[in-house]
Amino acid sequence: MKRLLIRADDLGYSEGINCGIAAAVAAGLVRSVGVMTNMPAAVHGLGLLYGRQLCLGQHTNICVGRPLTDPARIPSLCTPEGEFKPSRAYREAAKEGRDFVVLDEAIEEIEAQYRQFKALTGREPSYFEGHAVSSANFFQGLEIVAQRHGLPYFAMGRPGEAVIFRHTRVYAYMPRDFKTYEADPFTGVQDAVAHAHEGACDLMVFHPGYIDAYLLDHSSMTTTRLRETAMLCRPEVRAWLAGQDVQLVTYDDLT
């Protein structure tokens with residue numbers, strides 16, 4: 001049987017995002033959730049999920065909100081106001097072939113977010129990865145911290161290429177037609193299942209959430225989050241998946 005891992009990212013981004021993730025978890029399809037431990041709303045989000053049997057991962061973030069480290073210690077990551085530099089700064093630097101992230105500074109903040117994860121959840125992360133930014137030094141820092149603490153690091157792979165998690169090949173799904181996907185994310189689920197890999201695991205990363213003021217002020221991804229939330233909560237989607245030759249798994253199930 002083929003395997004499909006459905007993951008929700010960004011718990012803690014805002015209370016609206018938390019509520020959308022909680023709704024998707026309650027509907028039954030989302031059982032792996034990435035936590036942004038630096039965000040003030042992380043406590044609220046974990047509270048909404050309290051008591052549920054979930055696979056929680058550290059969704060390490062260096063482009064939204066404030067760091068857990070004193071900004072003066074990690075100036076390459078921060079604005080003069082002490083906020084993380086936004087994702088657009090990473091995109092612009094990547095276009096110019098630059099990586100402004102200082103490795104040692106990234107490691108310090110990654111370590112701080114790891115300590116916060118344990119403090120908030122009372123456990124080790126079931127998987128350890130990063131909120132996507134264009135920085136090789138950031139990803140190198142994640143790998144270093146993961147090795148230092150024996151954490152299950154999930155690397156970001158190239159489209160179409162497998163990432164090895166423990167001993168399992170994992171293929172991250174990318175929509176073939178983004179306009180069609182954004183109009184109805186269920187088309188992506190159908191496509192992912194139709195093209196799932198034998199003897200491996202296919203991953204779909206969603207960003208469920210409801211729109212609130214913080215999201216509007218800090219993210220360009222808005223309506224897609226709403227549509228993904230609605231799709232993940234539809235009983236007919238769960239029923240359709242139950243009828244397919246695919247097993248829904250979490251990172252904890254991968255060996």
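Bear in mind the structure is a predicted one, so any value in this text is a computation, not a measurement.
- The cationic group of Arg227 does not satisfy the cation-pi geometry with Tyr181, failing either the under 6.0 Å distance to the six-membered ring centre or the 45° limit from the ring axis.
- Residues Leu77 and Pro67 have side chains not in contact (no heavy-atom distance under 4.5 Å, counting atoms from C-beta outward).
- Within 6.0 Å of CZ in Arg166 there are more than 12 heavy atoms belonging to other residues, nucleotides or ligands.
- If you check the side chains of Tyr114 and Glu124, you find a donor sitting under 3.5 Å from an acceptor.
- Residues Leu203 and Leu248 fall into different hydrophobic clusters, defined by Ile, Leu, Val, Met, Phe, Trp and Tyr side chains chained together at heavy-atom separations under 4.5 Å.
- Cation-pi check for Lys85 over Tyr90 is not met; the charged atom does not lie both under 6.0 angstrom from the ring centroid and within 45 degrees of its normal.
- Looking only at distances, no side-chain donor or acceptor of Glu105 sits under 3.5 Å from a matching main-chain atom of Val101.
- Looking only at side-chain heavy atoms (C-beta outward), Ser126 and Leu56 stay at 4.5 Å or farther from each other.
- Side-chain contact, Tyr127 with Asp252: no donor N or O sits under 3.5 Å from an acceptor N or O.
- One hydrophobic cluster, built from ILVMFWY side chains closer than 4.5 Å, cannot hold both Leu5 and Phe186; they sit in different ones.
- Residues Met204 and Val249 are members of separate hydrophobic clusters, defined by side-chain heavy-atom contacts under 4.5 angstrom among Ile, Leu, Val, Met, Phe, Trp and Tyr.
- Val35 and Phe84 fall into different hydrophobic clusters, where Ile, Leu, Val, Met, Phe, Trp and Tyr side chains are chained together by heavy-atom contacts under 4.5 Å.
- Proximity of a side-chain donor or acceptor of Asn18 to a complementary backbone N or O of Leu11 within less than 3.5 Å is not detected.
- Aromatic ring orientation, His197 versus Tyr171: parallel (interplanar angle below 30°, classes split at 30° and 60°).
- Two residues are said to be in side-chain contact when any heavy atoms from C-beta on lie closer than 4.5 Å; Ile21 and Val25 meet this criterion.
- Side-chain atoms of Asp99 come within 3.5 Å of backbone atoms of Asn137 as a donor-acceptor pair (strictly under, hydrogens ignored).
- Contact annotation: the side chain of Val170 approaches that of Phe154 to within less than 4.5 Å [non-hydrogen atoms, C-beta and beyond].
- Inter-residue side-chain proximity for Val205 and Tyr173 is flagged as unmet; no heavy-atom pair is nearer than 4.5 Å.
- Linking Ile, Leu, Val, Met, Phe, Trp and Tyr residues whenever their side-chain heavy atoms come within less than 4.5 Å places Val64 and Ile17 in a single cluster.
- Using a 4.0 Å cut-off between a side-chain N of Lys or Arg and a carboxylate O of Asp or Glu, Arg7 and Glu129 qualify as a salt bridge.
- A donor-acceptor contact under 3.5 angstrom links the side chains of Glu109 and Thr69, judged on distance only.
- Residues Tyr13 and Ser219 share a closest heavy-atom pair of OH-CB, 3.2 Å.
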(message) Between Asp10 and Arg225, is the salt bridge (charged side-chain N to carboxylate O under 4.0 Å, His left out) condition met? List the steps.
(response) CA-CA 11 Å; Asp10 297 354; Arg225 294 181 188 266; 3.2 Å; yes

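- The main-chain N or O of Gly20 is never found under 3.5 Å from a side-chain atom of Thr229 such that the two would form a donor-acceptor pair.
- For Arg158, the CZ atom counts as loosely surrounded, since its 6.0 Å shell holds 12 or fewer non-hydrogen atoms of other residues, nucleotides or ligands.
- Side-chain contact between Gln53 and Arg31 is absent, with no heavy-atom pair separated by less than 4.5 Å.
- Between Val189 and Phe206, the closest side-chain pair of non-hydrogen atoms falls below 4.5 Å.
- Side chains of Ile6 and Leu4 form a contact here, defined as non-hydrogen atoms less than 4.5 Å apart.
- More than 12 heavy-atom neighbours from other residues, nucleotides or ligands sit within 6.0 angstrom of CZ on Arg234.
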